[in-house]
Amino acid sequence: MNTPRDSGCTLTGALSVTTEIDGSVTIVHGPGGCAHHNFSLFHTLCIGRDDPRLPRLLSTDLAEKDIIFGGEDALDAAIRKAIEKNPSIVCVLSTCVTGAIGDDVDAICRGFHGIPVISIPTAGFLGGGFRDGHVQALISLSSLAECGEKTLSVNLVGEKTLEFERDEHFNEVKRLLFGIGIPICTRFICRSSMEDISRLSRGSCNILRDSSMCEVGNYLKGKFGTPFIGSFPVGPGGTIRFLEELGAVFSLDVSGAVAAEEARQERMFEEFHALKGKKVQFRDSLGNMTDSEVCSEIAESVGMDVHPAGQPLTVPDPFPVGTEGVRRLLRQWRRACRA
Amino acid sequence: MKQIALYGKGGIGKSTTAANLSAALASQGLNVMQIGCDPKRDSTRMLMQGRLIPTVMDLVRERGDAEISREDIVYNGFMGVRCVEAGGPEPGVGCAGRGIIATFQILERLGALHADVVVYDVLGDVVCGGFAMPMREGYAEEVYLVTSGELMSLYAANNICKAISRLSSRSRSTCRLAGVICNAKNIPHEEELVAEFAERIGSFLIQYIPRDQVVQQTELNKKTVVEFVPPSRQASIYRELASRVLENRRMDIPAPLDIEDLERLAYEYSP
Ligand SMILES: Nc1ncnc2c1ncn2[C@@H]1O[C@H](COP(=O)(O)OP(=O)(O)OP(=O)(O)O)[C@@H](O)[C@H]1O
Ligand SMILES: [Mg+2]
């Protein structure tokens, strides 16, 4: 489903990737406003995460004159200015207006050598939204990967860096991978260094954040021959299947890890015995009734009674990842039921 | 103040016709202004003794639009015709249409748009909204289509009708089709064909201008026909056009033909 999270400004989606690269400078090639409202958003986010840094954004600050005569000179100057700051990489994002007048952003970027200058097409009026910006950025930046032998490891692809529970989701996947003895090769792209990105081709399997990253999964499969798993695990059964899927990909016997995870889930359900027998119903984040399969599964495991007159419980979007995600959710629900 | 715009296929003779029309109107003692709305900036050359005057966009590029005064962009040509060229970006970059819009805003701000007659000479095809600017509210109310009897020229004129009829359907729009000018290629039955085309789209043929060697001759001498050889037949035709334009009261909302009808029409008149 296309949620408002996937639509919106293409630029923001791309910036959610480029601002995560250590030492990067991102140039927004367009009117000042395009950079400004994004700057504010990312700045607020940094403050919320106790990160004192300012997002490293530059704008080419185009005015009508640049639109009439073309904005390419302004972009060239901005890239030079960005390079003076000694960045690890310069990412150049196009905007609606520079897309409309046909500035050849790719060609300008190709004219620079030494520090990588990467063009990411993000003119939103061409029909993209936030998700497309995110996807475009990952596809463009995959050109930074260096060829190398595959190792017994996985990449995490398309983590949603603006997500509130980003770190919790990551830690849960890391825990599950640790349980079967598979290391993470690189996070593409979340809190990444240029060196991390260069390792992209060496992971033997890409784990996509969710199905919205499918295009990236397919692209990387074509480019590096890396198979992918379609999503971070969701729900108790989903978490078990995730382990089994990894086992299949790596031809590993994961039965021990699966048994341990099932035991962990059993203990968790017991922890929430107070919810047993409670009448509940599920609502999505907009307040509409929903009959989510994962929720029914959890309800059954805990022994809750799904009933049209039951206590309304909110199903968050995105759904929390893994067994620990279910635990956080059950805590919320227990509070809602005052159990 | 009468404001007229000439539209038509590229190379059909809009600038030649516009310059001679302006020259003829000025010769009658009218205060005339001609505005070239084309990055090629060659609309007013023959009125300026062959000089390519600085364009509004040249000045914007050099100084920014705040530093421009009326004297920088309006040049007096033959018989006091005041000439302006919009100009625009180098071919292949930026947005020429936006340049036309910016030019109009600057002319407005400087209060430069006043005369007995303002003649807008607009680039061949109305490729984007910017080139429809002269047809917008407050500017040209009378559009003249310049065409020959050649199919592709009629095709272009027919297309421009679409822009006129769309714009004229807006509530406050006063832009109308005032007439069709046949700038001939001297092909057989050309006048009848263009007259018939004009009728079919709901307008009329206001002037037939023959193709004449004298136009090239005067061009080489960097003058309009009206200035260089006033007694010539061609000059009297331009003067006739000027009088008819001044008297013309036709203001039609054109009905463009579909392509099959247009082709059939051209075929009927083919030799
Ligand atoms: N009646 C005429 N007799 C002979 N030559 C003519 C006549 N009208 C125009 N021409 C010639 O046709 C050529 C093109 O004319 P002009 O530049 O006026 O066309 P235009 O429609 O303004 O073109 P563009 O769309 O490129 O601005 C010129 O060289 C001009 O000398
Ligand atoms: Mg011309």
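These values consider heavy atoms only, across backbone and side chains, with no hydrogens, waters or symmetry-generated copies. Convention: sequence-line order gives letters A, B, ...; per-chain numbering from 1.
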Inset, instruction - Return yes when atom NE2 of A:His36 has more than 12 non-hydrogen atoms of other residues, nucleotides or ligands closer than 6.0 Å, and no otherwise. - result: no
Applying side chain to side chain donor-acceptor pair (under 3.5 Å) to A:Ser140 and not counting sequence neighbours gives none
Separation between CZ (B:Arg98) and CD1 (A:Ile67), nearest 0.5 Å, reads 9.0 Å
Atom NZ of A:Lys85 with >12 non-hydrogen neighbours under 6.0 angstrom
no
For residues 76-97 of chain B against chain A, heavy atoms under 4.5 Å, the residues are B:Gly88, B:Pro89, B:Val93, B:Gly94, B:Cys95
CZ/B:Arg51: more than 12 non-hydrogen atoms of other groups inside 6.0 Å: yes
Those residues at least two apart in sequence (or on a different chain) that pass side chain to side chain donor-acceptor pair (under 3.5 Å) with A:Thr10 are none
For A:Phe125, I'd like to know if atom CZ has over 12 heavy atoms of other residues, nucleotides or ligands within 6.0 Å. yes
- Just wondering, more than 12 heavy atoms not from A:Arg53 lying within 6.0 Å of its CZ? no
Open item on the list: I want to check something: taking the side chain as every heavy atom from C-beta on, are A:Glu64 and B:Gln105 in contact at a cut-off of under 4.5 Å?
Closed with: yes
Check this for me: B:Tyr155, atom OH, are more than 12 non-hydrogen atoms of other residues, nucleotides or ligands nearer than 6.0 Å?
no
Within residues 60-74 of chain B, the residues sitting under 4.5 Å from chain A by heavy atom, in sequence order, are B:Val60, B:Arg61, B:Gly64
Around atom NZ of A:Lys65, are there more than 12 heavy atoms from other residues, nucleotides or ligands closer than 6.0 Å? yes
